[in-house]
2 protein chains.
Amino acid sequence: MKIRIVDIAKKAEVSAGTVDRFIHQRGKVSNKAAEKIQKAVKELGYEPDILARNLALKKELKIICLLPDPKETKYWERPDAGINKAIKELSSFKLAIEKIYFAPRVDAFNGACKIAIDSKADGVIYVPMFFNESGIFAEKLKTLNIPYIHINIHHSEATPLSFIGQNAFGAGKLAASLCQMALREKHEVLITYISKEQQEYSHHHARIEGFINYFENKKFVQPVIHHLNLKIDTNNRSYEKQLIGFLKEHPNTSTIYVPNSRAFRIASILQKSNITNIMLIGFDTLDENIQFLKEGVIDILIGQQSKSQGYNAVMLMFNAIFRKEKIADINYLPIDVLNCQNIDYYEGL
Amino acid sequence: MKIRIVDIAKKAEVSAGTVDRFIHQRGKVSNKAAEKIQKAVKELGYEPDILARNLALKKELKIICLLPDPKETKYWERPDAGINKAIKELSSFKLAIEKIYFAPRVDAFNGACKIAIDSKADGVIYVPMFFNESGIFAEKLKTLNIPYIHINIHHSEATPLSFIGQNAFGAGKLAASLCQMALREKHEVLITYISKEQQEYSHHHARIEGFINYFENKKFVQPVIHHLNLKIDTNNRSYEKQLIGFLKEHPNTSTIYVPNSRAFRIASILQKSNITNIMLIGFDTLDENIQFLKEGVIDILIGQQSKSQGYNAVMLMFNAIFRKEKIADINYLPIDVLNCQNIDYYEGL
DNA sequence: TTGTATGCGTTATCAG
DNA sequence: CTGATAACGCATACAA
């Protein structure tokens, strides 16, 4: 038998209205009423009927999602899709879920933050892409008493309601362990990535550190590890020549590890130059990456369930502010290993 | 603006009751009323409010889940946990979700089927563990017009509303591809598994076939592949001696592939005998398997998101019979690669 | 500070 | 065959 508000009202010898006020801390309730109600709630074990609540609700709660524009950085297409899935699933509820895209630059980020603040949200989900600015935004939200959730990038100083993403250091270690599995006697490893933004992201570093750490702690055959930073904004694809040049100088290179999501660019160079004896490990299931994975140019992709990042963030926020549940402050997602054999079954691609 | 039943009733110039009868095909509706309603529904774009429906609903829908007793076969603990999660999540709805466990024997399975039939379910989720009996059960359900979903094991003849599980052949191919990554010049592969049941399961065979198929289709270094079937019911752990004996005879064995979930038993033997130079690949994240994975005795486990199998099955059935949505007839889950580096992040273990 | 009445969108019942 | 109406459990506005 389900316990309703009227049941505990009867038991506490007050009216339903008073019970409601007590439960939701709205309006004033006398001490003796409060005590009786509290007792009744405990004894009968009241659980609010969230569906009935939603039906009766007048105003809707607003959740704002701030994320980099998928048009600018392809990675964000999948978290965006996850958010859309959550929106659809929660469409029956009196909930307004709004998305704000920002270009991956500090000024755009700040502008988006301002819009979010102005629109009086009941909860904010955002990607703390720029360390300082994200911290300031977090402070502002805290002052306004608006709960916020971080996705994808872990911010070491802000204290969001929850973080949803991958343990980047762990992901790097995993990549290294796979690399180790395939290593032969002589080998050199190249860590390289092509970056567009000026910004260097902490999770990319963590992926590199985890990778290196794995070998440091093991008594395996120790690879020689090289680093090569390629800037996409240097003029006219000079990074292609840089990479080819490096490989000529280091013919023992057996593995290339790309800690950001642009392995497909490296793959493209290898393919053009007909280099086939190098194992290429990258991150994230962008369409381009998947294409090269299927063609065998990329050997392994590390996945971070990007779609789930968006989906879970919205769901967690919903549970937190609508159902008023406590939610875990860290939600690490699985670190997925994808090759051409299992990519077709991944994340409903 | 949300379109309600009364809105289309007004537009169609009939009462809400008639609209309801038409939409749910309950009772009789005159032709002209039906036409007008249909037109109004199309023009206004009516979407039922599932939350309000649930509130008004009198009788609850019953979903029955038939699965092997987790106490008998440890694998089923996780699908069982997934079902529990779904039950909790759907607790606000007028839904009765019941579980029936059966011992992994034909007679027990048949008994469970009978109970399921007798209890007048609105939907049945079951594991088609025994081919013939599962087919008969499926027929019976079809006759009674009760929708059913299969989980974990694909039944080639029955036509369930949906199948949820892994592509076993694909999983075998994946295992082989990982094996290939690690292979050195000389190598032999042993495929072996310890079975308790008399029954041989089709998905175990598919895992073996996929494994072998991978090598057949590639121009890689071809391993010599051996098979060794070990019965757990042969007296007094004689299978241990059999395995050790095999390895003595075939010192080039570099890999052992265990297509069922009992890799931990093989691991235990290897550990006891101090054999460390063999790569061991198994299936499923049973606690025992995870233990050996972390100790480095098992190198790789193929995961099939067993928890999600249970969870998704219930959710799909809910969507099908409660929201009356169409659901996909095949739901392949990801084929996960787990080693000691990423196991801690898997399925919220 | 408290009690009561009304409505949310649907289902189900009952009288026409 | 059809229309009217009382629930369902909760939120909210208003009266006391």
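Residue numbering restarts at 1 for every chain, and letters A, B, ... go by the order of the sequence lines.
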Boundaries of the DNA chain C segment in contact with chain A, non-hydrogen, under 4.0 Å: C:dT1 to C:dG9
Need one value for A:Tyr46: base, sugar-phosphate or nothing, where a base atom within 4.0 Å counts as base even if backbone is also close, heavy atoms only. sugar-phosphate
Sugar-phosphate only, base, or nothing, as touched by A:Val29 at under 4.0 Å among non-hydrogen atoms: sugar-phosphate
Steps toward side-chain hydrogen bond (donor to acceptor under 3.5 Å, both in side chains) verdict (A:Tyr46, A:Asp7): CA-CA 9 Å; A:Tyr46 172 71; A:Asp7 295 322; over 6 Å; no
Mind checking if B:Asp49 touches a base, just sugar-phosphate, or nothing, with heavy atoms under 4.0 Å? sugar-phosphate
Stepwise side-chain hydrogen bond (donor to acceptor under 3.5 Å, both in side chains) test for A:Gln304 and A:Tyr332: CA-CA 9 Å; A:Gln304 55 172 319; A:Tyr332 281 137; over 6 Å; no
If we only count heavy atoms from C-beta on, is the B:Val124 to B:Pro147 side-chain gap below 4.5 Å? no
Can you confirm whether B:Ser308 sits close enough to B:Glu347 that some side-chain heavy atom of one is under 4.5 Å from a side-chain heavy atom of the other? yes
Min and max contacting nt of DNA chain D in 5' to 3' order, chain B heavy atoms within under 4.0 angstrom, are D:dC1 to D:dG9
Under 4.0 angstrom, heavy atoms only, what part of the nucleic acid is B:Ala16 near: base, sugar-phosphate, or nothing? nothing
Is the backbone of A:Gln309 close enough, under 3.5 Å, to the side chain of A:Arg78 for a donor and an acceptor to pair up by distance? no
Do A:Gln166 side-chain atoms and A:Gly303 backbone N/O form a donor-acceptor pair below 3.5 Å? yes
Does A:Asn54 or B:Ala52 map to a spot on DNA chain D nearer the 5' end, using the closest nucleotide for each? B:Ala52
Mind checking A:Val14 for me? I need base, sugar-phosphate or nothing, with any heavy atom below 4.0 Å counting as a touch. sugar-phosphate
May I ask you to say what A:Arg21 touches in the nucleic acid, namely base, sugar-phosphate or nothing, with a heavy-atom cut-off under 4.0 Å? base
Any side-chain heavy atom of B:Asp69 within less than 4.5 Å of one from B:Phe102? no
Side-chain heavy atoms of B:Leu141 within contact of B:Tyr126, under 4.5 Å: yes
